[in-house]
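Please read the structure below before turning to the comments.
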Amino acid sequence: MAGLTLGGISGWRLPTLSPINGASFQTAFSNDATTDLGNADSAGWVDGSGNPVSEMGHLFYVTLGNLGKCTPNGGGSSGSCFPQSGFGPSNTGPFANVQSNFYWSGLEFAPNTSNAWNFNFNNGNQNANDKDNNLFAWAVHSGDVAASVPEPTSLTLLGLGLAGIGLSRRRKRRL
């Protein structure tokens, strides 16, 4: 997706992910995000510091508050997946035409480079698929996933807003 420009904005790309342990992808199935493959709980996939490591996982589980297919019960095999009531994309937020289907990531699947990581928006599953398959694409822009620490600009705006409220109250007391 290099060079894609939408609405006059460039820098669009496919979503990415990184290993939850910070070193290498754990490709055994889990239903509670203790490995990189499978389903997650309400926090999505996070590293040891609690920072999101899967952009689509963060969108699905955290931003939109959807439930994955598997009840997060520490299960380490697809046979331990007990479907949750109400799983799937019950909330798509401000997005239109969201498909209950697979979306590509921008990252190859290291154990088998003929595959690439993907995210299934039907059941909240993060997995790999053969690159020859026709999957959907969701263009993202850096900064779309909320960081765990507010940006300095956000803090400045918050400070100015609070200062304005303080001045307003101070003026009312004088009257």
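Both backbone and side-chain heavy atoms feed into the values below; hydrogens, waters and symmetry mates do not. Fair warning: this is a prediction, and the values are worked out from it, not measured in the lab.
- In this structure, Asn73 CG and Phe82 CZ are separated by 6.0 Å, a value rounded to the nearest 0.5 Å.
- Atom-to-atom distance recorded for Thr92:OG1 and Gln99:CD is 10.5 Å, nearest 0.5 angstrom.
- Closest heavy-atom contact between His58 and Pro52: CD2-CB, 3.4 Å.
- A continuous path of hydrophobic side-chain contacts links Trp45 to Phe121 [ILVMFWY only; heavy atoms under 4.5 Å].
- The shortest distance between side-chain heavy atoms of Asn97 and Phe136 does not fall below 4.5 Å.
- In this view, Asn91 and Leu64, Asn66 satisfy the side chain to side chain contact (heavy atoms under 4.5 Å, CB included) rule, not counting sequence neighbours.
- Of the inter-residue distances, the one linking Asn39 atom CG with Cys70 atom SG reads 4.0 Å to the nearest 0.5 angstrom.
- In the hydrophobic cluster analysis, where Ile, Leu, Val, Met, Phe, Trp and Tyr join through side-chain heavy atoms closer than 4.5 angstrom, Tyr61 is grouped apart from Phe87.
- From Ile9, atom CD1 reaches atom NE2 of His141 across 6.0 Å, with rounding to the nearest 0.5 Å.
- The two residues Pro72 and Asp32 come nearest to each other via the heavy atoms CB-CB, 4.0 Å.
- A 4.5 Å side-chain heavy-atom check between Leu107 and Leu17 finds at least one atom pair inside the cut-off.
- At distances below 3.5 Å, not a single donor-acceptor pair connects side-chain atoms of Gln26 with backbone N or O atoms of Asp36.
- The six-membered or imidazole ring of Trp138 lies away from that of Phe119, with a centre-to-centre distance of 6.0 Å or more.
- Considering all non-hydrogen atoms of both residues, Ser42 and Val62 come closest at O-CG2, 3.4 Å.
- Scored by the side chain to side chain donor-acceptor pair (under 3.5 Å) test, Asp130 finds no partners at all (sequence neighbours excluded).
- In the hydrophobic clustering of ILVMFWY residues, with side-chain heavy atoms under 4.5 Å counting as a link, Val140 and Val46 come out apart.
- Annotation for Lys131: atom NZ counts as buried by contact number, over 12 foreign heavy atoms lying within 6.0 Å.
- A side-chain donor-acceptor contact under 3.5 Å links Asn31 to the backbone of Ser80.
- Annotation for Pro89 and Ser100: closest pair CG-OG, 3.3 Å, computed over non-hydrogen atoms.
- Side-chain heavy atoms closer than 4.5 Å link hydrophobic residues (I, L, V, M, F, W, Y) into clusters, and following such links, possibly through other members, connects Phe60 to Ile20.
- Of all heavy-atom pairs spanning Pro15 and Glu55, the tightest one is CA-OE1, 3.2 Å.
- Checking side-chain atoms of Asn133 against main-chain N and O of Leu135 turns up no donor-acceptor pair under 3.5 Å.
- Taking OG1 from Thr27 and CG from Leu37, the interatomic distance works out to 6.5 Å, rounded to the nearest 0.5 Å.
- Annotation: side chain of Met56 is not in contact with side chain of Ser105 (no heavy-atom distance under 4.5 Å).
- Side-chain atoms of Trp104 never come within 3.5 Å of backbone atoms of Asn134 as a donor-acceptor pair (strictly under, hydrogens ignored).
- Atom CD of residue Glu108 and atom CZ of residue Phe25 lie 11.5 Å apart, to the nearest 0.5 angstrom.
- The two residues Gln84 and Gly68 come nearest to each other via the heavy atoms NE2-O, 2.8 Å.
- By the 30° and 60° cut-offs, the orientation of the rings of Trp117 relative to Phe109 is perpendicular.
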